[in-house]
Amino acid sequence: MKKIIFISLTILFCIVSCSSKTDKPSAETPKEVSQPPEKAKTILDYTGIETSHSGFMMKDGRKLYLARIENAAQLYLESADGKETKQLTFLSDAVDGYKVSPEESKLIFVTSKGGNEQYDFYLYSFETGKYEPLLADDAVRYEDPTWINENEFLFASNEANGKDFYIYHFDIAAKKRTLLVEKKGYNSISDALSKDEFLFYTYESNYKTVPYHFYNGKAHKIKVSDENKKYIPTAFFDGGILMRTNETNDMEYLEIIKGNSKKTIFGDKWGVETAAVDRTNRSSAIFCTNEEGYSRCFYYHDTQTEPLDFGKSLVSVSAFKNGKAVVKISKDSELPKLQVIDLTTKKSEVFGYSKDNGINVTLFAAPELRKVKSFDGEEIPYFLYLPKTGKAPFPTIVYFHGGPEGQFRPGFAAQFQYYLSKGIAVVAPNVRGSSGYGKRYMDLDNYKLRMNAVRDGGAVLADLVKIGISKPNRFIASGGSYGGFMTVASMAQFADDYICGIDNVGVVDLINFLENTSSYRRHLREAEYGPLTDREFLASISPTNMAEKINGELFVFHGANDPRVPVSDAYILIDKLKKAGKKVQKHVFEDEGHGYRKKENRNLYFLKSADFIEHCVKDN
């Protein structure tokens with residue numbers, strides 16, 4: 001791929017006034033030419049900051065990564081010395097992930113059309129530099145490509161009935177698939193030794209999973225003591241199975257299961273959120289806990305646990321083999337970066353793509369972690385970002401994360417920093433039901449307890465007013481997916497506080513949502529929000545039925561191909577707001593789904609959002 005360098009030249013034109021030859025030169029002292037003021041930064045200067053993710057290091061030192069350099073994220077290959085980069089994929093839609101074969105002769109990458117999340121598999125050959133569809137069907141979602149050797153892999157798909165994810169074996173040379181596990185539910189593969197022995201688990205809900213060990217031609221349920229807990233059989237490890245679970249604790253921990261015996265190898269006040277095993281030896285692992293939203297990571301080897309120092313950051317591990325881990329480290333005032341870290345020598349190598357877009361990110365503000373007691377005494381954590389200039393009280397954006405079992409985490413947040421530069425504070429609460437604080441906290445919003453989470457948001461508003469950061473009727477609500485639910489419900493329940501809000505792909509009509517979300521998601525979402533049989537309750541908590549209470553103007557964004565939250569949710573909300581005489585704007589992206597992957601669409605979303613919020617603040 002050619003490197004294209006754009007050079008901007010500033011040309012100075014000196015204009016001399018010429019008259020007759022008898023004119024004398026002016027005796028006036030030349031004046032210093034003043035430089036034009038620096039152009040004000042726009043939201044796109046901030047959101048145009050780009051970095052890479054999902055890194056992988058090959059045996060010869062070359063590195064793979066995903067980056068959105070053009071319109072949608074594609075796969076790139078960087079030379080061992082870092083001097084050359086080759087683009088491997090050229091799709092109109094984003095590449096969502098990839099898996100490299102054991103001997104690194106090929107890889108499978110995953111993509112979907114227009115954000116519909118019906119994932120297709122493509123096979124890329126390093127020898128030919130070409131790729132071709134391997135498993136592609138607009139009516140099917142393919143998941144979990146798990147390599148066995150250079151010719152075979154396992155995968156899960158809902159091709160049988162659109163709802164249940166069965167597990168299959170695929171022979172590339174023969175182009176033949178074989179059904180291995182015909183089990184109802186959302187099944188996910190975690191590790192495989194062969195087509196005859198592998199690990200998988202079934203989602204019952206985000207807080208309950210059932211682990212299985214497939215061998216002797218059958219799926220054997222791994223014995224557990226509490227079937228209402230979470231069990232993730234991470235990998236075959238140290239002669240047994242490495243399990244991430246919260247079986248005997250509120251927080252998740254790691255244990256090794258060998259036959260009928262269990263041995264905890266790591267437990268902490270905070271839960272383990274991720275674990276990656278070095279499959280070249282299956283006796284060492286890197287794992288991270290989630291401590292108040294920040295990552296703390298460890299290296300387990302020779303039966304010992306060694307802490308790793310990545311500073312105050314968010315850490316994701318995308319690969320681990322031969323003692324080297326590929327991680328992405330995200331901090332509030334540094335460009336996120338991919339690194340290969342040798343866990344023996346602790347030497348690291350940065351690679352991948354990054355673009356600061358002319359923004360000095362070292363000046364970015366760090367958030368303050370605060371906590372407030374809600375109506376029932378439950379402690380609610382929130383992150384507060386304050387402008388570096390100006391005086392409080394500030395107009396304040398309240399950003400609600402998705403989920404509900406999501407969590408706001410204080411990594412690199414360029415969009416927030418733009419609003420801070422405009423004198424607008426940003427607060428990001430982790431209301432009850434958020435992950436990262438244990439199963440008890442995550443269960444506090446289930447079913448009939450839903451509106452208690454909205455009351456938590458109200459407690460945060462009251463705390464900000466109490467400490468003088470904000471004042472009533474100067475809040476802006478914003479959130480996506482479940483965050484859209486929180487946005488609209490909060491604007492209804494605290495109508496005098498919110499002057500406007502942005503609902504992005506929001507869950508706003510619970511009956512319509514559950515009836516029209518993808519069939520493979522429905523039972524998982526009913527476990528969270530309540531069953532469709534309880535229509536009266538679902539209607540009572542649906543923000544679409546709160547339109548009359550809302551005072552502030554709403555901007556509703558959605559993707560037409562959203563398989564999670566149907567775009568009809570947005571249209572129902574808009575219709576009810578208009579009938580109630582409320583102000584509402586909308587924008588539907590015809591080639592997007594649950595979120596916006598293409599740069600042109602993201603830019604339009606950010607521009608419209610910023611213009612809406614800034615006018616809202618100015619007009620109120």
Side-chain angles (χ1 to χ4, degrees), residues 50-56 63-77 87-101 106-125 131-147 153-159 162 165 168 170 186-190 203 274 276 316-319 326-328 330 336 338 352-353 402-403 406 411 480-481 504-505 517-518 520-521 524 559-565 589-602 605:
E50 294 281 0
T51 59
S52 45
H53 61 95
S54 304
F56 182 88
K63 293 100 177 170
L64 290 158
Y65 61 85
L66 295 176
R68 186 173 46 234
I69 298 176
E70 300 300 333
N71 194 39
Q74 302 297 314
L75 183 59
Y76 295 85
L77 178 64
Q87 183 172 342
L88 302 187
T89 61
F90 300 84
L91 304 175
S92 58
D93 287 295
V95 174
D96 294 290
Y98 64 95
K99 289 286 185 69
V100 181
S101 64
K106 53 182 72 75
L107 62 80
I108 294 170
F109 68 85
V110 181
T111 185
S112 65
K113 296 180 179 67
N116 66 7
E117 297 184 15
Q118 297 292 82
Y119 296 122
D120 296 329
F121 289 178
Y122 282 72
L123 184 67
Y124 177 89
S125 166
Y131 54 86
E132 61 182 358
L134 188 62
L135 289 169
D137 187 330
D138 288 345
V140 177
R141 177 177 168 122
Y142 297 102
E143 291 192 351
D144 301 333
T146 305
W147 286 100
F153 65 92
L154 304 180
F155 69 95
S157 88
N158 62 351
E159 60 189 78
F165 284 82
Y168 300 81
F170 194 87
Y186 203 134
N187 300 301
S188 184
I189 306 165
S190 53
Y203 277 102
T274 183
S316 59
V317 183
S318 56
V326 180
V327 301
K328 181 176 181 178
S330 177
L338 286 172
Y353 174 79
S481 194
N504 186 22
V505 298
T517 191
S518 296
Y520 57 84
R521 291 176 47 84
L524 298 175
N561 303 323
D562 193 337
R564 305 188 195 188
V565 183
F589 294 95
E590 297 298 330
D591 57 345
E592 296 280 12
H594 198 68
Y596 318 123
R597 311 296 303 280
K598 297 173 181 175
K599 187 177 293 186
E600 60 189 10
N601 292 334
R602 289 169 58 83
Y605 166 73

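Values reported hereafter were calculated over all heavy atoms of this structure, with side chains retained and with hydrogens, waters and symmetry mates removed.
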State, to 0.1 Å, how close [X] and [Y] come at their nearest heavy-atom pair, and which atoms those are.
X: A94; Y: A72; value: N-CB, 3.7 Å
X: T517; Y: P563; value: OG1-O, 3.6 Å
X: Y98; Y: G55; value: OH-C, 3.5 Å
X: S157; Y: Y142; value: CB-CD2, 3.6 Å
X: Y203; Y: S188; value: CE1-CB, 4.5 Å
X: Y122; Y: T111; value: CE1-CG2, 3.6 Å

Is any side-chain heavy atom of [X] closer than 4.5 Å to a side-chain heavy atom of [Y]?
X: L75; Y: L64; result: yes
X: L91; Y: F109; result: yes
X: Q118; Y: D138; result: no
X: F155; Y: I108; result: no
X: H594; Y: S481; result: yes

Spatial distance of atom [atom1] ([X]) from atom [atom2] ([Y]) [nearest 0.5 Å]:
X: K63; Y: F56; atom1: NZ; atom2: CZ; value: 12.5 Å
X: D96; Y: L66; atom1: CG; atom2: CG; value: 8.5 Å
X: R141; Y: N116; atom1: CZ; atom2: CG; value: 9.5 Å
X: L123; Y: F153; atom1: CG; atom2: CZ; value: 8.0 Å
X: I69; Y: Q87; atom1: CD1; atom2: CD; value: 7.0 Å
X: N561; Y: K113; atom1: CG; atom2: NZ; value: 11.5 Å

Evaluate the side chain to side chain contact (heavy atoms under 4.5 Å, CB included) criterion for residues N158 and V140: first the C-alpha distance (whole Å), next the side-chain angles of each, then the deciding distance (0.1 Å), finally the verdict. CA-CA 6 Å; N158 62 351; V140 177; 3.7 Å; yes
Within the side chain of [X], is there an N or O that forms a donor-acceptor pair under 3.5 Å with the backbone of [Y]?
X: S54; Y: Y65; result: no
X: D120; Y: D137; result: yes
X: S125; Y: K106; result: no
X: Y131; Y: L107; result: no
X: D144; Y: L154; result: no

Would you say T89 and Q74 are linked by a side-chain donor-acceptor pair, where the criterion is simply a distance under 3.5 Å?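 Judged by distance alone, the side chains do pair up.
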Check the pair Y76 / Y353 against ring-ring contact (aromatic ring centres under 6.0 Å, His included), numbers first and verdict last. CA-CA 9 Å; Y76 295 85; Y353 174 79; 7.5 Å; no
Check the pair Y186 / F165 against ring-ring contact (aromatic ring centres under 6.0 Å, His included), numbers first and verdict last. CA-CA 5 Å; Y186 203 134; F165 284 82; 4.4 Å; yes
Please tell me whether Y596 and F589 form a close aromatic pair, meaning their ring centres lie under 6.0 Å apart.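 Ring-ring flag for Y596/F589: true, centres closer than 6.0 Å.
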Determine, for K599 against E70, whether the closest basic-nitrogen to carboxylate-oxygen distance falls under 4.0 angstrom.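 Here K599 does not pair with E70 in a salt bridge, since their nearest N and O are not under 4.0 Å apart.
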If you measure from the Lys or Arg side-chain nitrogens to the Asp or Glu carboxylate oxygens, is any gap between D93 and R597 under 4.0 Å?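 Looking at R597 together with D93, the answer is no, because their closest N to O distance does not fall below 4.0 Å.
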